[in-house]
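Worksheet for the structure shown next.
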Amino acid sequence: MKTTIAILPGDGIGTEVTREAVKILDAVAQKFGHEFDLPEGLVGGAGLDAENNPFPQSAADICAGSAAVLLGAVGGPKWDDVPTESRPERGLLRLRAALNVFANLRPVAPHPVLTGTSPIRADLLEGVDIMVVRELTGGIYFGKKERTADSATDVCTYTRSEIERVLRIAGKLATGRRGKVTSVDKSNVLETSRLWREVTNELMPVEFPDIEVEHLLVDAAAMHLLSRPADFDVIVTENMFGDILTDEASMLAGSMGMLPSASLNDGTVGLYEPIHGSAPDIAGQDKANPCAAILSAAMLLRHSLNLEEEAKAVEDAVTHALRDGLRTADIAAAGEPAVGTADMGSTIAAALA
Ligand code: NAD
């Protein structure tokens, strides 16, 4: 049976890294005997240019008929002066809303051969394997906003059910990992955080009795992420704290070009994308690291298609290429030769064959 995966390359290096991720999906299909239909849609600036819409109906239709969506990145200076409502990033928000994805998963596991590319001391990175689960649709980013000339208000709201559903995803992930969930909040100051902690303390012992639960205030969590990163397993937190902590955590791995992400809903349809943007400074130069996009495809195989063996094979192929010394410019040490985006992708695809 054919499985349809929507491919939305987007803008800038999004198109380049997605091309390599598609090579990998083709290689997986060939090796494991699957049939993947990979229709492409326009999103972001590409959608604006072609259809005056950052998430055109044509792309929405492709996504609606797909088991999962693989996205590159959106945005770039060309669209900087576009009104807020139709900016490329709006296309991404509308895509997330259309798929109803509420939990953003960002694994951070610095590759042992790349610890030198992180600004964090190599001895602190030993054994680091963190899964950050960020709530994606609630909190201050989506609350009521008010503005006068002299004052501004952003309202932060969370409901019990919004907290419960993201905790369940964190609990399930921890069950298949090292059995620990760190819940991050600011319950000494914020009412939403007090509800967050209350719901965590009610739900976790009942639904996940074997999982160890730790609570950290977000300011302390920011420090502990750098001072004892190996102690974390799954971190679960609300939208804004997650936004900030995941960018901090990405530095443990050295380059944004190595980090994938998955955004999940209650069902199996998910949105998979590298954590980086469209990188206009290197776009069109065959310099982008495609590993984050390729590892996002591995997450897609695991979380939406339930193909664990295939996902692991892709991750092993990336490891194989890195162990063989292949480096794109962002992860090459000073003086070390770098390969281009297409060569990196082809070598990883060949390692899968
Ligand atoms: P960026 O992530 O695009 O780039 C930041 C830096 O990291 C740049 O120096 C870039 O060259 C480098 N980099 C990023 N990905 C890389 C890769 N795969 N390989 C090698 N180097 C890589 O962030 P930015 O420059 O702040 O934003 C550029 C555009 O991307 C903006 O329009 C922004 O709005 C958009 N953006 C989109 C997304 C998304 O689509 N999810 C996320 C972040 C930013």
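These numbers were taken from a predicted model, which means no experiment stands behind them. Counting convention: from 1, in listed order, for ligands and their atoms alike.
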Any Arg96 side-chain heavy atom under 4.5 Å of Leu271 side chain: yes

Restricting to heavy atoms, the pick from Cys291, Ala329, Ser278 nearest atom 29 (C) of ligand 1 would be Ser278

Record the part of Leu71 in heavy-atom contact with ligand 1 below 4.0 Å; permitted values are side chain, backbone, both and neither. neither

Is there a donor in the side chain of His215 and an acceptor in the side chain of Thr200, or the other way round, less than 3.5 Å apart? no

Part of Asp330 within contact of ligand 1 (heavy atoms, under 4.0 Å): side chain

Charged N-O contact under 4.0 Å between Asp330 and Lys287: no

If you measure every N or O of Leu92 against every N or O of ligand 1, does any of those distances drop under 3.5 Å? no

Return the closest protein heavy atom for atom 14 (C) of ligand 1 as residue, atom name and distance. His276 CB, 3.6 Å

Is any N or O atom of Ile275, backbone or side chain, closer than 3.5 Å to an N or O atom of ligand 1? no

Give the numbers and elements of all ligand 1 atoms closer than 4.0 Å to a heavy atom of Pro280. 28 (C)

Here's one to test your reading of the geometry: is the NZ or CZ of Arg165 within 45 degrees of the ring axis of Phe102 and under 6.0 Å from its centre? yes

Salt bridge or not between Lys312 and Glu310? Use side-chain N to carboxylate O under 4.0 Å. no

Region of Ala293 engaging ligand 1 - heavy atom pairs below 4.0 Å: neither

Which atoms of ligand 1 sit under 4.0 Å from any heavy atom of Glu273? 41 (N)

Looking only at distances, please establish whether an N/O atom of ligand 1 is found under 3.5 Å from an N/O atom of Ala288. no

Looking at Gly76, which atoms of ligand 1 are within less than 4.0 Å of one of its heavy atoms? 32 (O)

Asp281, portion touching ligand 1 at heavy-atom distance under 4.0 Å: side chain

Mind checking whether Tyr158 and Trp196 have parallel, tilted or perpendicular rings, split at 30° and 60°? perpendicular

Salt-bridge criterion met for Arg168 and Glu162 (N-O under 4.0 Å): no

Is atom 38 (C) of ligand 1 touching the protein, meaning some protein heavy atom lies under 4.0 Å away? yes

Any idea which atoms of ligand 1 are less than 4.0 Å away from a heavy-atom of Gly257? 17 (C), 18 (N)

Rounded to the nearest 0.5 Å, the CG atom of Leu217 sits from the NZ atom of Lys186 at a distance of 5.5 Å

With no hydrogens and no angle check, is any side-chain donor or acceptor of Ser118 less than 3.5 Å from a backbone partner on Met251? yes

Among Pro107, Pro260, Ser261, which residue meets the side-chain contact (heavy atoms from CB on, under 4.5 Å) test with Leu295? Pro260

Common cluster, Ile275/Leu105, ILVMFWY with side-chain heavy-atom separation under 4.5 Å: no

Of Pro77, Gly277, Gly14, Ala292, which has the heavy atom at the shortest distance from atom 44 (C) of ligand 1? Gly277

Element-labelled atoms of ligand 1 that are located less than 4.0 Å from some non-hydrogen atom of Glu89: 32 (O), 33 (C), 34 (O)

What atoms in ligand 1 come closer than 4.0 Å to a heavy atom of Gly75? 32 (O)

Salt-bridge criterion met for Asp185 and Arg194 (N-O under 4.0 Å): no

Could any protein non-hydrogen atom be found less than 4.0 Å from atom 2 (O) of ligand 1? yes

When you check the gap from the basic side-chain N to the acidic O, do Glu198 and Arg160 get nearer than 4.0 Å? yes

Which ligand 1 atoms does Ala73 reach within 4.0 Å, using its non-hydrogen atoms? 40 (O)

Under 4.0 Å, heavy-atom basis, I'd like to know which part of Met256 is in contact with ligand 1: side chain, backbone, both or neither. side chain

Is it the side chain, the backbone, both or neither of Ile13 that has a heavy atom closer than 4.0 Å to ligand 1? side chain

When you measure from atom 35 (C) of ligand 1 to every protein heavy atom, which one gives the shortest distance, and what is it? Val74 O, 3.2 Å

